[in-house]
Amino acid sequence: MSQIKEISIDSMDGKEVSVHGWVYRIRSSGKLTFIVLRDSTGIIQMLSSTRSMSEEQHKELSSLTIESSLEVSGIIHKDERAPTGYEIEIKDYRIYQRNENYPVSKDLGEEFMLDNRHLWLRSREFTAVMKIRSTIFNAFAEFYNTNGYYQVQPPIMVSTATEGGSTLFKVPFFGEEVSLSQSSQFYLETFIYSLEKVYTISPSFRAEKSRTFRHLTEYWHAEAEVAWIHNEEMMDIEEKMIEYIVAEVVKNNEEELKILGRDIELLKKIKAPFPRIRYSKLMEMAKKDWGLDLKYGDDLGADEERAITVHFDKPVFVTHFPTELKTFYHLPDPENPSEILCHDLLAPEGYGEIVGGGERIWDLKQLEERMEEYNLPKEDYYWYLDLRKYGSIPHSGFGLGLDRLCMWIMKLSNIKEAIPYPRTIRRTRP
RNA sequence: GCCGUUGUAGCUUAGCGGUAGAGCACUCGACUGUUAAUCGAGCGGUCGUCGGUUCAAAUCCGACCAACGGCGCCA
């Protein structure tokens, strides 16, 4: 049995081949029936006629319907009239299942496509999305594996909040209650005292009732935590990582990018270093250069991020946010304690924030003070505070929304198109 | 949490007070080179649900349900 891609080459012309897959299109003009077969590697047109089969066989094949499954054997011909330039003249076949009525066709509404995601997955577009997504997830792990990092697995059911917030999913737990993890950062920090450089790819959950093009309640969170490095070095690593991931997609998924209509030339421009702009400077530029109604102390809303990122063709770091705009664990800049040593990475073309990261407070006293400001109970965070009691060191880390990264790289209009089974405030099926 | 939009055949939709129409899919038929073929016929609808107004409601009003979109929050 062969795969469609490996037989679609000139040197196979005239050879006998066997393939299996699903009916992608079928057209009949009586004595000739064209069946376009799909497998995981591509599509190929197959010809059924009475030249190479009996009348009954030809009739049975001609009656097949979309997405019916079968295997065939026949002779492959180079033929310019076929959609991909190659065609199989069917000599024999076996039908696994003939479908009655496949519900997915052209002209689909959004709700229908989401309700039938388990079938829509088979479409060429979504197959392309899933192949690119696979490249992105692999490339992320590969980048860190080849740079001396260890992959670790934090818990998903947790009893401590990361942000101290109200956005946690509560789950019954033997008469008690636990939360689903919204970030693995604190657990990642526990590993750096032995492994020094660690990363994880794990799901995160946010119970926020967000209804936007880039929010999911369950999403894939790629996080890293690195001992001994500071904010600037963390950004050095991240921009090389993004450059690597995008380059891998360009290298491995040219065909899929074409199916999605993504401009490859724009992706080829994604090379480190990325611009680094201090928050205070960005506020000035926003007001003076782009006419945005922003002042120091404002957080970046969706409109602002869009307005800012359309001015760049590469991702851009925004650094040194005012202390009050971010949560307690960020390290205040020793030279200007009203700002913190942190960074957001905004994706270009209007996509906005894909990474949040920075340097963590590593002094016990300073961390305790900040937690008091946030009214966080020390008892719950005893293990996080212990990290500052025993061999504490400077360190930095980040969290990356992998689904958002996928959305930007593929230039999708909604994050739901970037993940196979999106979970949102109103959707948990299929 | 706030604001908005949409529910008509399996799917995409037209109709917007007076007998529910089309394209795709599916079924049957014609066609020896089709490119999401073409041509002919057929199948398929308690117009999201409940209630109200009216001689008459898919159409107007109300409530509910479902989904989608925007803001805030964030990755």
Side-chain angles (χ1 to χ4, degrees), chain A residues 23-36 43-51 58 62-68 77 79-85 87 89 98-116 119-120 123-124 162-163 165-167 182-185 202-223 299-306 325-327 344-347 351-357 398-408 413-416 418-419 422 424-427 429:
Chain A
V23 175
Y24 178 66
R25 302 277 186 265
I26 182 162
R27 300 177 276 273
S28 182
S29 57
K31 295 290 193 317
L32 292 180
T33 296
F34 301 96
I35 300 170
V36 180
I43 58 171
I44 190 166
Q45 177 162 290
M46 310 189 298
L47 177 67
S48 165
S49 76
T50 49
R51 280 201 300 243
H58 173 64
S62 299
S63 78
L64 282 177
T65 50
I66 301 282
E67 286 301 311
S68 293
H77 299 292
D79 193 323
E80 286 187 359
R81 293 170 295 186
T84 62
E87 181 175 271
E89 184 178 12
R98 182 187 180 278
N99 295 328
E100 279 311 311
N101 190 353
Y102 190 66
V104 177
S105 65
K106 63 172 180 174
D107 297 332
L108 297 172
E110 261 172 287
E111 185 179 350
F112 183 82
M113 286 201 301
L114 287 166
D115 284 339
N116 290 281
L119 299 174
W120 174 244
S123 69
R124 283 200 100 195
T162 312
E163 316 278 339
S166 54
T167 63
Q182 56 172 198
S183 165
S184 306
Q185 181 198 321
S202 43
S204 275
F205 306 86
R206 301 274 163 106
E208 287 149 359
K209 295 185 173 176
S210 300
R211 310 188 51 79
T212 81
F213 76 101
R214 57 177 185 166
H215 281 86
L216 294 167
T217 54
E218 174 185 300
Y219 67 99
W220 285 88
H221 211 168
E223 293 167 279
D299 207 350
L300 300 180
D303 290 341
E304 289 81 27
E305 279 192 13
R306 208 171 298 131
L325 285 185
K326 298 280 179 184
T327 191
D344 280 3
L345 182 65
L346 309 183
Y351 280 93
E353 185 177 1
I354 52 173
V355 171
F398 73 88
L400 161 70
L402 279 170
D403 313 283
R404 285 188 178 179
L405 179 66
C406 290
M407 175 171 59
W408 162 56
S413 58
N414 193 296
I415 198 163
K416 284 185 281 195
I419 184 168
T424 63
I425 172 174
R426 289 253 170 92
R427 182 169 290 279
R429 288 192 309 172

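Residue numbers start from 1 in every chain, and the chains themselves are labelled A, B, ... in the order their sequence lines are given, proteins ahead of strands.
For the pair K209(A) and C71(B), the criterion of a side-chain N or O lying under 4.0 Å from OP1 or OP2 is not met. Distances shorter than 4.0 Å separate some side-chain N or O of R306(A) from OP1 or OP2 on C71(B). In terms of phosphate contacts, K326(A) brings no side-chain nitrogen or oxygen within less than 4.0 Å of OP1 or OP2 of A75(B). One finds no side-chain N or O of R25(A) lying less than 4.0 angstrom from the OP1 or OP2 phosphate oxygen of C24(B). Regarding contacts with the backbone of C68(B), a side-chain N or O of R427(A) is found under 4.0 angstrom from either OP1 or OP2.
F112(A) comes within 4.0 angstrom of the backbone, heavy atoms only, and of no base. V36(A) comes within 4.0 angstrom of no nucleic acid atom, judged by non-hydrogen atoms across all strands. When heavy atoms are screened at a 4.0 angstrom cut-off, D344(A) is found touching no nucleic acid atom at all. In this structure, A302(A) reaches the sugar-phosphate backbone alone: every heavy-atom distance under 4.0 Å involves primed, P, OP1 or OP2 atoms, never a base. Counting any heavy atom pair closer than 4.0 Å across all strands shown, E80(A) reaches no nucleic acid atom. Within the 4.0 angstrom heavy-atom criterion, no nucleotide atom of any strand lies near D115(A).
Between C43(B) and G23(B), the distance separating the two C1' atoms is 16 Å to the nearest Å. Atom C1' of C2(B) sits at a distance of 31 Å from the matching atom of U8(B), rounded to the whole Å. Distance noted for atom C1' between G52(B) and C68(B): 28 Å (whole Å). Spacing between U49(B) and C11(B) at atom P, rounded to whole Å, works out to 14 Å.
Contacts between residues 399-408 of chain A and RNA chain B, defined by a heavy-atom separation under 4.0 Å, are made by G399(A), R404(A).
The two atoms that bring R211(A) and I425(A) nearest to each other are NH1-CG2, 3.6 Å, heavy atoms only.
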*Using Watson-Crick or G-U wobble pairs with both distances under 3.5 Å, give me RNA chain B in dot-bracket, 5' to 3', with [ ] for crossers and | for pairs to another strand.*
(((((((..((((....[..)))).(((((.......))))).....(((((..]....))))))))))))....
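For T65(A), the listed nucleotide lying nearest its side chain is U27(B); candidates were C68(B), U27(B), U34(B).
S210(A) contributes a side-chain N or O that forms a donor-acceptor pair with the base of C73(B) under 3.5 Å.
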